[in-house]
Amino acid sequence: MISTVVLSEGQRTKANEDKKLETMRHSAAHVMAEAVQSLFPDAKFGIGPAIKNGFYYDFELPRSLTPDDLPIIEAKMSEIIASNIPFNRQEVSKGEARQILASQPYKLELLDEIPDEKVSLYRQGSFVDLCRGPHLDSTGGIEAFKLVSIAGAYWRGNEHRPMMQRIYGVAFASKRALAEHLEQIEEAAKRDHRKLGRELDLFSIQEEAGPGLVFWHPKGAVIRRVIEDFWKDEHVRRGYDIVYTPHIARLDLWKTSGHWEFYREHLYSPMEVEGQEYMIKPMNCLGHILIYKTRRRSYQELPLRYAELGTVYRYERSGVLFGLARVRGFTQDDAHIFCSFEQLEDEVAGVLDLALFLTDTFGFTNYKVLLSTRPEKYAGELESWEKATEILRQALARLRIAYEVDPGEGVFYGPKIDIQFEDALGRGWQGPTIQVDFNLPQRFNVTYIGQDGREHLVAMVHRTVLGSMERFLASLLEHYGGVFPVWLAPIQVMIIPVADRHLDYAHHLESELRSEGVRVKVDGRSERINLKIRQAQLDKIPYMLVVGDKEVAASTVSVRLRSGEQATSQTLESFREGIRLAIASKSKGLSL
RNA sequence: GCCAGCGUAGCUCAGUGGUAGAGCAGCGGUUUCGUAAACCGCUGGUCGUCGGUUCGACUCCGACCGCUGGCUCCA
């Protein structure tokens, strides 16, 4: 989409600064390359672009780098920066460039792919690079940088090409900005869902059981149950039917669907049952199709929306597993909508509305909406692809949702809309997804009888509005840093008796609140209240009720909020009503 | 799967070619206490697994398993 954008003065300045920063980061990559070249004269160079917050450069070196190499390279870079060497641009013919870069096979490969006859080289000191530029005037312009990590990276992102060594660095316009960035990273690490999951006793993944398989502990399970209950209610309200389908089914089903053919590498091996091959499901769609197909469907029944919290198992390569965000067994908040082509736009809009409603209710604010279009390998007619993609666009436009187009990233069976959440470190994880499917209705002959009395293929939409329970919990945890709003908190109230003689009263309060559906516990240990309060704080429990002689005498509770806010004295009735409201309204605050 | 790093008590971490330590947690006791850590004591580890080198390995080497950071992948 091309549009003319008029920038304000402020935006222009900002854009200008971003550009400068990017140039500086790119120049830092060249300086790093020079430093590496001085340490490894035989180094072969790949590419070295500026990226978010910094830069990287890919090298082929005679030995593996270790973290100990980074300070050495940094020191060399600092020397180069201190000597303030100019960056010289030089335009040459491709032939000349070939001679100059004769010892650099990767550069020659890049050179071959440049259509122009003239190319530009950049030189600083002893280092020459094929590069479009621009660069700083000289190396002294690099203000603040730090090399942060080493990683393997396939040449040109292709796993069949050699693996190079990539060094990542960060660079900023000032030492202060760099320090702030590094501090931010440290802060983000504290919100890591893997760390919080252990500290708050929400879940575990155990080597004994196998990687990528999640154990939901009682407290994590509470959060999940609350989410699931809310999810079910909201779906029923919006005209979905909740269904359940088996976890294994005959392999033939997945042969018919095409998964066996197209999705093999993610499937677990079939198992044999009485001479028949069965497979554990990687997806829920077939179950829903089978329910749909148990009888003839009339156009009058459509749309049919089958929803299921369906647990699926997919083989993921060991290197890609990541906490709860990328696992081998997970529960999708799945649904499949069977409708006519005419109903498609309304249905997609309905799903978008639901997805954004949930996203908003859970408090997410930073997410990205992506429209993925037709990939190179695709099923179905070109024309239906275009129509469907247009329908997705229309639905997005109708709800005034800003989105980016991700060209060619659609699924082989249809275009899709994805919503991506960011984790604490800014990595994007796909949550909700809405996918139009041209493939399965054909393969399974999923039809309805139209008004014209004829059989028509249904339009099918696969969709999740949270993604999976596992990944969604990960996102929630990082979003809230473990400090869940009251309605989601595993324990909502901790009652803290001052001394043993207040235990009876504490248990009385407990049963009063519990009968109201509040998740409440009494910390009845013979410990000081300082300790109990500290532990309740660390557990991020929203409300602490301290009860001692005064409270027993007056039939009140002393309410302390986890925010550390001053304790207030309230009657039980008033506290109970307050927390009831906070829970029912899914309030993000703690006020009573 | 690939590249690199890491793996010591439930958690956070120290440690050395001569046979393992702290804090927290846990357990026992004392304390009955007013809004973020009372006190005393005790328990706890085949140092990820399996092999090798060595008189001797937690330490050195190799393989495997797992985790972490990336790459690839993610319908």
Side-chain angles (χ1 to χ4, degrees), chain A residues 56 58 60-61 63-70 148-168 189 192 194-195 198-199 201 204-208 210-212 257-259 261-267 282-283 285 312 314-323 325-327 372 375 377-379 409-414 416 418 425 427 429-430 433 435 437 439-440 462 471 496-503 525-539 544-551 558-562 564-568:
Chain A
Y56 68 79
D58 290 344
E60 187 180 277
L61 303 172
R63 68 164 172 88
S64 288
L65 293 170
T66 74
D68 298 336
D69 291 314
L70 293 184
V148 292
S149 64
I150 304 166
Y154 297 110
W155 169 237
R156 315 211 81 180
N158 182 337
E159 64 177 316
H160 302 294
R161 308 288 311 263
M163 179 158 274
M164 308 188 73
Q165 301 194 61
R166 174 173 298 178
I167 303 178
Y168 282 98
D192 191 313
R194 295 165 297 188
K195 179 176 153 72
R198 185 175 52 243
E199 287 173 357
D201 194 16
S204 60
I205 294 172
Q206 305 183 35
E207 187 171 349
E208 246 182 308
S257 69
H259 289 114
E261 187 184 347
F262 290 111
Y263 201 60
R264 186 77 161 267
E265 57 181 301
H266 290 284
L267 303 177
M283 294 188 163
C285 36
V312 297
R314 303 178 185 178
Y315 168 72
E316 301 286 356
R317 292 160 149 205
S318 57
V320 310
L321 299 173
F322 184 85
R326 188 84 181 268
V327 291
S372 301
K377 276 176 69 179
Y378 64 97
E409 287 301 309
V411 193
F412 76 93
Y413 52 66
K416 61 172 182 170
D418 290 330
L425 286 171
R427 290 174 287 214
W429 292 97
Q430 186 188 302
T433 179
Q435 309 176 347
D437 187 343
N439 181 51
L440 288 178
H462 306 246
R471 189 177 283 180
I496 300 176
V498 172
D500 289 351
R501 62 179 177 279
H502 309 119
L503 268 174
R525 297 172 302 166
S526 303
E527 293 289 350
R528 303 196 155 182
I529 72 164
N530 292 299
L531 181 82
K532 299 184 190 179
I533 284 174
R534 177 181 151 81
Q535 290 183 348
Q537 285 291 153
L538 293 175
D539 282 342
M544 285 154 254
L545 303 186
V546 177
V547 293
D549 291 337
K550 275 184 287 182
E551 286 73 23
S558 168
V559 184
R560 179 193 163 101
L561 308 184
R562 72 179 159 203
E565 236 171 280
Q566 186 116 33
T568 58

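Labels below follow one simple rule: chain letters A, B, ... track the order of the sequence lines, proteins then strands, and each chain is numbered from 1. We use all heavy atoms of the structure for the numbers below, so side chains are in, but hydrogens, waters and symmetry mates are not. Everything numeric in this text was worked out from a predicted model, so none of it was measured.
- Close to B/G34, at under 4.0 Å from its OP1 or OP2, lies no side-chain N or O of A/Arg560.
- Nearest heavy atoms, A/Lys532 versus A/Ile496: CD-CG2, 3.6 Å.
- Side-chain atoms of A/Arg63 and A/Gln165 include no donor-acceptor pair closer than 3.5 Å.
- The distance between atom CZ of A/Arg314 and atom C1' of B/C74, rounded to the nearest whole Å, is 9 Å.
- Here B/G70 is the nucleotide among B/G70, B/G34, B/C74 with the atom lying nearest to any side-chain atom of A/Tyr168.
- With distances taken from any side-chain atom of A/Phe322 to the nucleotides B/G69, B/G70, B/A37, the minimum falls on B/G69.
- Taking atom C1' on both B/C27 and B/A9, the two are 15 Å apart, rounded to the nearest angstrom.
- Distance, A/Glu551 CD to B/G34 P: 12 Å, rounded to whole Å.
- Residue contacts for A/Arg166: at a heavy-atom cut-off of 4.0 Å it reaches the sugar-phosphate backbone alone, with no base atom in range.
- For the residue pair A/Gln430/A/Arg471, the side-chain donor-acceptor check at 3.5 Å is not satisfied.
- Seen from the ring of A/Tyr56, A/Arg166 counts as a face-on cation partner, given the 6.0 Å and 45° thresholds.
- The partner of B/C42 is B/G26, judged by Watson-Crick or G-U wobble contacts that both fall below 3.5 Å.
- We find that CD of A/Glu199 is positioned 9 Å from P of B/U12, with the value rounded to whole Å.
- Using a 4.0 Å heavy-atom cutoff across all strands shown, A/Ile533 reaches at least one base atom of the nucleic acid.
- For B/U35, there is no paired base (Watson-Crick or G-U wobble, both distances below 3.5 Å).
- Side-chain nitrogen and oxygen atoms of A/Arg198 include none within less than 4.0 Å of the OP1 or OP2 phosphate oxygen of B/G10.
- Listed here is the closest heavy atom pair of A/Ser558 and A/Glu551: CB-OE2, 3.4 Å.
- In this entry the distance linking CD of A/Gln206 with P of B/G48 reads 19 Å, nearest Å.
- At the heavy-atom level, A/Glu565 lies nowhere under 4.0 Å from the strands shown.
- From A/Asp418, atom CG reaches atom OG1 of A/Thr433 across 4.0 Å, with rounding to the nearest 0.5 Å.
- Pairing for B/C60 goes to B/G52, judged as Watson-Crick or G-U wobble with the two contacts each under 3.5 Å.
- Rounded to an integer number of Å, the gap from A/Met283 CE to B/C74 P is 12 Å.
- Nucleotides B/C61 and B/G5 place their P atoms 12 Å apart, quoted to the nearest Å.
- Within the shown strands, nothing qualifies as a pairing partner of B/A9 under the Watson-Crick or G-U definition with both distances less than 3.5 Å.
- As rounded to the nearest Å, B/U8 and B/U49 have P atoms that lie 10 Å from one another.
- Residue A/Tyr315 is the one, among A/Tyr315 and A/Gly564, whose nearest nucleotide of RNA chain B lies closer to the 5' end (criterion: closest heavy atom).
- With values rounded to the nearest 0.5 angstrom, A/Arg314 atom CZ is found 9.5 Å from A/Leu267 atom CG.
- Counting any heavy atom pair closer than 4.0 Å across all strands shown, A/Lys532 reaches no nucleic acid atom.
- Each of A/Leu538 and A/Gln535 lies near RNA chain B, and the nucleotide nearest A/Gln535 is the one positioned closer to the 5' end.
- Contact annotation: the side chain of A/Leu531 approaches that of A/Gln535 to within less than 4.5 Å [non-hydrogen atoms, C-beta and beyond].
- Between B/A20 and B/G44, the distance separating the two C1' atoms is 13 Å to the nearest Å.
- Nucleotides B/C3 and B/A63, compared at atom P, are 11 Å apart to the nearest Å.
- The residue A/His259 sits close to a base: some heavy atom pair falls under 4.0 Å.
- The pair A/Arg317-A/Glu159 meets the salt-bridge criterion, with a side-chain N (NZ, NE, NH1 or NH2) lying under 4.0 Å from an Asp/Glu carboxylate O.
- The closest side-chain heavy-atom distance from A/Val498 to A/Asp549 is not below 4.5 Å.
- The P atoms of B/G34 and B/G26 are separated by 22 Å, rounded to the nearest whole Å.
- Regarding contacts with the backbone of B/U72, every side-chain N or O of A/Arg161 stays at 4.0 angstrom or more from both OP1 and OP2.
- For an aromatic pair to be called close, the ring centres must be under 6.0 Å apart, and A/Tyr154 with A/His160 fails this.
- A 3.5 Å limit on both hydrogen-bonding distances identifies no Watson-Crick or G-U partner for B/C47.
- Checking B/C73, B/A36, B/U35 against the side-chain heavy atoms of A/Ile529 singles out B/U35 as nearest.
- Looking at A/Cys285 and A/His259, their side chains come closer than 4.5 Å, going by heavy atoms from C-beta outward.
- Comparing the P positions of B/G70 and B/C64 gives a spacing of 24 Å, expressed to the nearest Å.
- Candidate nucleotides B/G70, B/G34, B/U68 were compared by shortest atom distance to the side chain of A/Ser558, and B/G34 ranks first.
- Atom-to-atom, CZ of A/Arg326 to P of B/U72 comes out at 12 Å; the value is rounded to the nearest Å.
- The C1' atoms of B/C65 and B/C24 are separated by 29 Å, rounded to the nearest whole Å.
- Atom P of nucleotide B/G70 and atom CZ of A/Arg317 are separated by 18 Å, given to the nearest angstrom.
- Separating the CG atom of A/Asp539 from the C1' atom of B/A25 is a distance of 13 Å, rounded to the nearest angstrom.
- Under the side chain to side chain contact (heavy atoms under 4.5 Å, CB included) criterion, A/Ser149 pairs with A/Tyr168, not counting sequence neighbours.
- Checked by distance alone, A/Glu208 brings no side-chain donor or acceptor within 3.5 Å of a matching partner on the base of B/G48.
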List the protein contact pattern of nucleotides 2-9 of chain B with one symbol per nucleotide (5' to 3'): B for base contact, S for sugar-phosphate-only contact, - for none; contact means a heavy-atom distance under 4.0 Å.
-> BBSS----
What N/O pairs connect the protein and nucleotides 30-32 of chain B at under 3.5 Å? Give each pair on its own line.
from: B/U32; atom 1: O2; to: A/Asp500; atom 2: N; distance (Å): 2.9
from: B/U32; atom 1: N3; to: A/Asp500; atom 2: OD1; distance (Å): 3.2
from: B/U32; atom 1: N3; to: A/Asp500; atom 2: OD2; distance (Å): 2.6
from: B/U32; atom 1: O4; to: A/Asp500; atom 2: OD2; distance (Å): 2.8
from: B/U32; atom 1: O4; to: A/Ser526; atom 2: OG; distance (Å): 3.0

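- Picking from B/A36, B/G69, B/C71 the nucleotide with the shortest atom distance to the side chain of A/Arg194 gives B/G69.
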